[in-house]
S.K.: 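Have a look at this one.
The basis for the numbers below is simple: all heavy atoms, side chains too, and nothing from hydrogens, waters or symmetry mates. Since the model is a prediction, treat every value here as computed from it, not as a measurement.
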Amino acid sequence: MSGQRIKDKVCIVTGAAMGLGEAMVRRLAGEGGKVMLTDLKDAEGQALAEAIRKGGGQARFMHHDVSDEAQWKAVVDATVAAWGRLDVVVNNAGVALNAAPHEQTLEQWRWLMSINLDGVFLGTREAIRAMKVNPAGGPKGGSIINLSSIEGLVGDPMLGAYNASKGGVTIYTKSVALYCACERLGIRVNSVHPGYIWTPMVENHLASLGSVEEGRKVLDSMHPVGHVGEPDDIAWGVVYLASDESKFVTGSSLVIDGGYTAQ
């Protein structure tokens with residue numbers, strides 16, 4: 001069911017072609033947002049934007065490597081050119097890599113950080129630059145939503161680089177939130193921490209390990225509620241942080257994990 005919780009807010013969502021990003025785009029557009037979705041998966045991203053438009057929503061797609069500074073500037077410029085302003089940036093794009101700490105290469109470490117941490121830094125910086133000068137005809141400010149993870153709050157023996165990147169996103173978010181608040185920019189900055197969510201990436205990973213069915217049972221058992229989450233569980237949290245319903249929320253960590261980190 002569609003609504004108007006973020007009516008006419010202009011949004012950018014990275015890593016938006018599939019999985020969590022796709023769910024976010026559909027919910028933001030369904031609640032009245034104008035969405036620029038970005039990804040490296042061009043065919044999937046174009047198809048999603050077209051589907052949103054056919055359903056009566058407003059969406060466009062851009063090819064986007066979030067670790068590339070110039071591409072970030074191009075995405076923000078194109079978004080503002082299309083819709084006149086920028087209200088919401090969701091830094092969702094991310095990658096993971098399983099490796100024992102003594103077996104991980106420096107190249108692997110830097111590749112993961114360039115996406116998970118550099119990408120969030122660049123997206124946050126460009127969002128602030130755009131939001132603080134939004135046109136006089138509308139309110140300045142906005143909402144920056146950084147996707148961290150439960151792995152930014154607890155450790156995992158085989159996800160050292162991922163833990164480090166998501167922990168960095170968590171505390172960087174708080175730092176920037178304080179800056180924006182102290183400078184009275186009207187920009188809120190929050191992080192979202194999903195537990196295990198059933199996405200194509202998770203399913204493919206389990207398939208590579210052997211059995212999707214058995215892997216699903218293990219993941220379900222790790223959450224006190226008895227099952228993994230669905231993409232919409234995270235998407236609705238993003239809608240809340242994008243909307244004016246969360247106008248008093250900044251520097252927070254929204255944990256959506258079926259009780260995983262409460263154990």
Side-chain angles (χ1 to χ4, degrees), residues 1-64 66 71-72 74-94 123 126-127 130-131 134-147 186-188 190 192 194 197-201 229-247 249 254 256:
M1 183 175 180
S2 62
Q4 297 294 305
R5 294 171 65 186
I6 58 166
K7 179 177 172 57
D8 293 331
K9 290 187 183 293
V10 177
C11 313
I12 294 172
V13 181
T14 67
M18 299 173 63
L20 295 183
E22 177 183 354
M24 294 171 196
V25 168
R26 291 187 182 277
R27 291 305 177 187
L28 290 168
E31 292 294 329
K34 303 171 182 178
V35 187
M36 178 68 80
L37 54 135
T38 79
D39 208 299
L40 295 176
K41 298 180 175 67
D42 294 343
E44 294 88 343
Q46 292 283 11
L48 177 57
E50 184 177 352
I52 296 295
R53 293 193 295 269
K54 285 184 177 179
Q58 297 192 57
R60 299 187 181 196
F61 172 76
M62 285 187 69
H63 180 89
H64 184 198
V66 296
Q71 288 188 35
W72 258 113
V75 166
V76 171
D77 287 348
T79 302
V80 174
W83 290 304
R85 55 183 293 109
L86 179 61
D87 299 289
V88 178
V89 169
V90 185
N91 287 307
N92 171 65
E126 296 308 313
M131 291 173 178
N134 270 336
K140 292 182 174 62
S143 174
I144 301 171
I145 304 164
N146 294 328
L147 265 290
I187 301 171
R188 298 180 296 105
N190 295 285
V192 176
I197 308 298
W198 194 249
T199 62
M201 183 172 69
E230 300 174 352
D232 268 353
D233 294 326
I234 309 306
W236 284 122
V238 168
V239 168
Y240 167 69
L241 291 175
S243 76
D244 292 338
E245 298 164 14
S246 58
K247 62 183 176 62
V249 181
L254 178 57
I256 308 174

S.K.: Taking only residues at least two apart or on different chains, which pairs with a member in residues 38-50 satisfy salt bridge (charged side-chain N to carboxylate O under 4.0 Å, His left out)?
M.R.: E50-K54
S.K.: What's the separation between atom CZ in R53 and atom CZ in F61, rounded to the nearest 0.5 Å?
M.R.: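 With rounding to 0.5 Å, CZ (R53) is 11.5 Å from CZ (F61).
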S.K.: Using the salt bridge (Lys or Arg N to Asp or Glu O under 4.0 Å) criterion, which residues pair with D77? Sequence neighbours excluded.
M.R.: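 With neighbours one apart ignored, the set is empty.
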S.K.: Would you give the length of the straight line joining atom NZ of K34 to atom CG of L86, rounded to the nearest 0.5 angstrom?
M.R.: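 One finds 12.5 Å between NZ of K34 and CG of L86.
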S.K.: Donor-acceptor pair, distance only, cut-off 3.5 Å: does the side chain of N146 make one with the backbone of N91?
M.R.: no
S.K.: Any pair with a residue in residues 229-240 that passes salt bridge (charged side-chain N to carboxylate O under 4.0 Å, His left out), sequence neighbours left out, goes on the list, sorted by first then second residue, please.
M.R.: R27-D232
S.K.: How long is the span from the CD1 atom in I144 to the CD1 atom in I12, to the nearest 0.5 Å?
M.R.: 10.5 Å
S.K.: Checking T14 now: which residues fulfil side chain to side chain donor-acceptor pair (under 3.5 Å) with it, not counting sequence neighbours?
M.R.: none
S.K.: State, to 0.1 Å, how close A16 and V25 come at their nearest heavy-atom pair, and which atoms those are.
M.R.: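 Taking every non-hydrogen atom into account, CB-CG2, 3.7 Å.
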S.K.: For Y240 and S246, work out which heavy atoms get closest and say how close.
M.R.: O-OG, 2.8 Å
S.K.: Locate the shortest heavy-atom distance separating A242 from L28; write the atom from each residue and the value.
M.R.: CB-CD2, 4.0 Å
S.K.: Could you pull out the closest heavy-atom pair between W198 and P231, with the gap in Å?
M.R.: O-CD, 3.5 Å
S.K.: Between L37 and M24, does the side-chain contact (heavy atoms from CB on, under 4.5 Å) criterion hold? Intermediate values first, please.
M.R.: CA-CA 10 Å; L37 54 135; M24 294 171 196; over 6 Å; no
S.K.: Could you list the residues that satisfy salt bridge (Lys or Arg N to Asp or Glu O under 4.0 Å) with R188, not counting sequence neighbours?
M.R.: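 R188 satisfies salt bridge (Lys or Arg N to Asp or Glu O under 4.0 Å) with no residue once adjacent residues are dropped.
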S.K.: What's the separation between atom CD in Q58 and atom CE in M36, rounded to the nearest 0.5 Å?
M.R.: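 If I round to the nearest 0.5 Å, the distance is 11.5 Å.
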S.K.: Verify, without hydrogens or angle tests, whether Q4 (side chain) and E31 (backbone) share a donor-acceptor contact under 3.5 angstrom.
M.R.: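 No; judged by distance alone, with no hydrogens or angles, the pair does not exist.
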S.K.: Assess whether side-chain contact (heavy atoms from CB on, under 4.5 Å) is satisfied between I197 and I234, documenting all intermediate values.
M.R.: CA-CA 9 Å; I197 308 298; I234 309 306; 3.8 Å; yes
S.K.: So, the side chain of D87 versus the backbone of V10: is there a donor-acceptor pair under 3.5 Å, distance only?
M.R.: yes
S.K.: Among N190, L20, I256, I145, whose side-chain contact (heavy atoms from CB on, under 4.5 Å) with V238 holds?
M.R.: I145
S.K.: Partners of R60 by side chain to side chain donor-acceptor pair (under 3.5 Å), sequence neighbours excluded?
M.R.: none
S.K.: Output the distance between atom CZ (R85) and atom OG1 (T79), rounded to the nearest 0.5 Å.
M.R.: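 Interatomic distance, R85 CZ to T79 OG1, rounded to 0.5 Å: 13.0 Å.
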